[in-house]
Amino acid sequence: MKPLVKPGNANFSSGPCSKRPGYDVSRLQLNTLGRSHRSSLGKSVLGQVCQKTAAALELPPGYRVGVVPASDTGAFEMAMWSLLGARPVDVFSWESFGKDWASDITQQLKLPSVRSFAAEYGKLPDLSQADPQHDIVFTWNGTTSGVRVPDGNWIAADRAGLTLCDATSAVFAMPLPWDKLDVVTWSWQKVLGGEGAHGMLILSPRAVERLEHYMPPWPVPKIFRLTRGGKLIEGIFQGETINTPSMLCVADYLDALAWVERIGGVRETMARSQRNLGVIEDFVAGHEWIHFLAAEPAQRSNTSVCLTLDLGAEQVKAMIKLLEIEGVAFDIGSYWDAPAGLRIWCGATVEATDLQALMPWIEWTRQQVLTG
Ligand SMILES: Cc1ncc(COP(=O)(O)O)c(C=O)c1O
C-alpha cells in the first residue's frame, strides 16, 4: 500500500544538511550586512562565533576556536600543512574523505615517515596501531561510509604526538573527548544545518605549542598561515579572520547556535541524532532486505547513516528517483565512491517524526522497483 503520510521536511542530504526546525531566514540578525568584517561590529560578531562555539561545545580551558576559509577542507588542509612533518605520521582512513587526507600527506606533502592504516567501506582500521610518539590523522565520522570512531580510548592521554581529527559530521552530534584531540575541524552546514563556505578550527594548547616551535619546510600560503614571526596569530581565534567571511553565513550560524542553546545544548543535539538513528535501527531490525553498511553497531554513525539493500545499483537508483519524485526524500543516494545504497542524514536538524514518515516509503519504493 502506498503510504499516506509524507515527511514534513524531505531534506535528508548529508551536506548541506537540513535547516533546523522552525528556521526562518527573515529572523536572522542582519545588522552586519554591508559592513566591514573588521569594523568593531563585525569583529565583535565574529568574536561571538568563537566564544559561543567554545561555550556550546564545552571546550577545555586553553582550547581555541577560529573561523577559517574554505569549509572543513580548508580547515583540515590548513592544519596538516601547518603542523605535520615534525614527527612520523599515522593516518587512519576508511572512506573517501579520510583517504583524501592520507593521499595528501603522502602525495602532496610527501612526508617521508608515514604509516597508513586503511579499511574498506563499512569497517574501521585497527586503531590500536596508533603510536603515541607519532602524529595521528583521522576522521571521527566517515560521512561516506557511516562508520564512526566509537570513543577516544585508543588515544594515549600522555601522547607525544598530536591528534588531527576531521570531525565535520560529528561535532554537535557525537561526544568528543576534547582532551584527546589536538586539532578538530568541522563546518557549519552539517549537524547545525548552517551555510557552507567557512571552516572551524579548534586547537589544543599542545597544537599551539607545535605551531610556535615548528616551521614546516614547505611554503605555506597566506590562506593557511596561522603564525607570524613564530607566534600564533591570536586574532584568528578572536574574530579577526584571515580573509573576508560571509557575514550572512555568520548570522545564519549564530541563529543555529541560539537554537542549540534553546533546545538544551549539545546534549540535546546529540540526543536528537541518537533518537534519529534509533528510528532507522528499528526499521532495519524489522526488514531483512536492508542493512547498515557499518559492520559493528558501536561504530554506526548517528548522522550519516549508510544502508545497503538487496537490490542492484540501478534498482537502488530507481528507488532514489522515485522517492524524490514523490517528494519524500531528497539527496539520499550513497556517495559516488561508496557501495550503492542509501545515505540518510540523521543530524540534529532532522526530526525523528520525519524519519518515521520516510521509512514506509522506503519499503513502498523498493516494492515498486521490484515489481517494475
Ligand atoms: C568527513 C568529511 N571531511 C571533509 C568533508 C569536506 O567538507 P567541506 O565540503 O566542508 O570542505 C566532508 C564533506 O562531506 C566530510 O564529510
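Aromatic rings from Trp188 and Tyr253 are positioned such that their centres are separated by under 6.0 Å. Note: Trp186 and Phe172 meet the aromatic proximity criterion, with ring centroids under 6.0 Å apart. Not less than 6.0 angstrom separates the ring centroid of Tyr335 from the ring centroid of Tyr121. Centroid-to-centroid, the aromatic rings of Trp154 and Phe138 come within less than 6.0 Å.
Side-chain contact between Arg343 and Val305 is absent, with no heavy-atom pair separated by less than 4.5 Å. Under the 4.5 Å side-chain criterion, counting only non-hydrogen atoms from C-beta, Glu363 is in contact with Trp289. For the pair Leu257/Thr53, a side-chain contact is recorded, criterion being any heavy-atom separation below 4.5 Å from C-beta on. By the 4.5 Å heavy-atom criterion applied to side chains, Glu209 and Tyr214 are not counted as neighbours.
Looking only at atom types and distance, the side chain of Ser71 has a donor-acceptor partner in the side chain of Gln189 under 3.5 Å away. In this structure, a donor-acceptor pair under 3.5 Å is present between the side chains of Asp252 and Tyr23. Between the side chains of Asp166 and Trp140, not a single donor N or O lies within less than 3.5 Å of an accepting N or O. In summary, the side chains of Asn11 and Ser13 do not present any donor paired with an acceptor at a separation below 3.5 Å, with no hydrogens or angles considered.
The main-chain N or O of Ser187 is found under 3.5 Å from a side-chain atom of Thr168 such that the two form a donor-acceptor pair. For the pair Ser304 (side chain) and Thr143 (backbone), a donor-acceptor distance under 3.5 Å is present. Looking only at distances, a side-chain donor or acceptor of Glu95 sits under 3.5 Å from a matching main-chain atom of Thr144. One N or O on the side chain of Trp361 and one on the backbone of Val5 form a donor-acceptor pair closer than 3.5 Å. With hydrogens and angles disregarded, no donor-acceptor distance shorter than 3.5 Å links the side chain of Lys43 to the backbone of Gly239. At distances below 3.5 Å, at least one donor-acceptor pair connects side-chain atoms of Asp90 with backbone N or O atoms of Asp131. A donor-acceptor pair is defined here as one N or O able to donate and one able to accept, closer than 3.5 Å; such a pair exists between the side chain of Ser39 and the backbone of Gly42. Without hydrogens or angle criteria, Lys19 side chain to Gly193 main chain gives a donor-acceptor distance under 3.5 Å.
Under a cut-off of 6.0 angstrom, the local environment of NZ in Lys52 is sparse, with at most 12 non-hydrogen atoms contributed by other residues, nucleotides or ligands. For Lys99, the NZ atom counts as densely surrounded, since its 6.0 Å shell holds more than 12 non-hydrogen atoms of other residues, nucleotides or ligands.
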Under the salt bridge (Lys or Arg N to Asp or Glu O under 4.0 Å) rule, what do Asp182 and Arg159 come out as? Steps first, then yes or no, please. CA-CA 11 Å; Asp182 296 303; Arg159 64 197 174 280; 3.1 Å; yes
Give the C-alpha distance, both sets of side-chain angles, the deciding distance and a yes or no for side-chain hydrogen bond (donor to acceptor under 3.5 Å, both in side chains) between Ser301 and Thr303. CA-CA 5 Å; Ser301 172; Thr303 55; 3.1 Å; yes
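To the nearest 0.5 Å, atoms SG (Cys306) and CD1 (Ile332) are separated by 11.0 Å.
The two atoms that bring Ala54 and Val65 nearest to each other are CB-CG2, 4.0 Å, heavy atoms only. Across Leu293 and Ser145, no two heavy atoms sit closer than the pair CD2-O, 3.7 Å. Closest approach of Trp94 and Thr139 over heavy atoms only: CH2-O, 2.8 Å.
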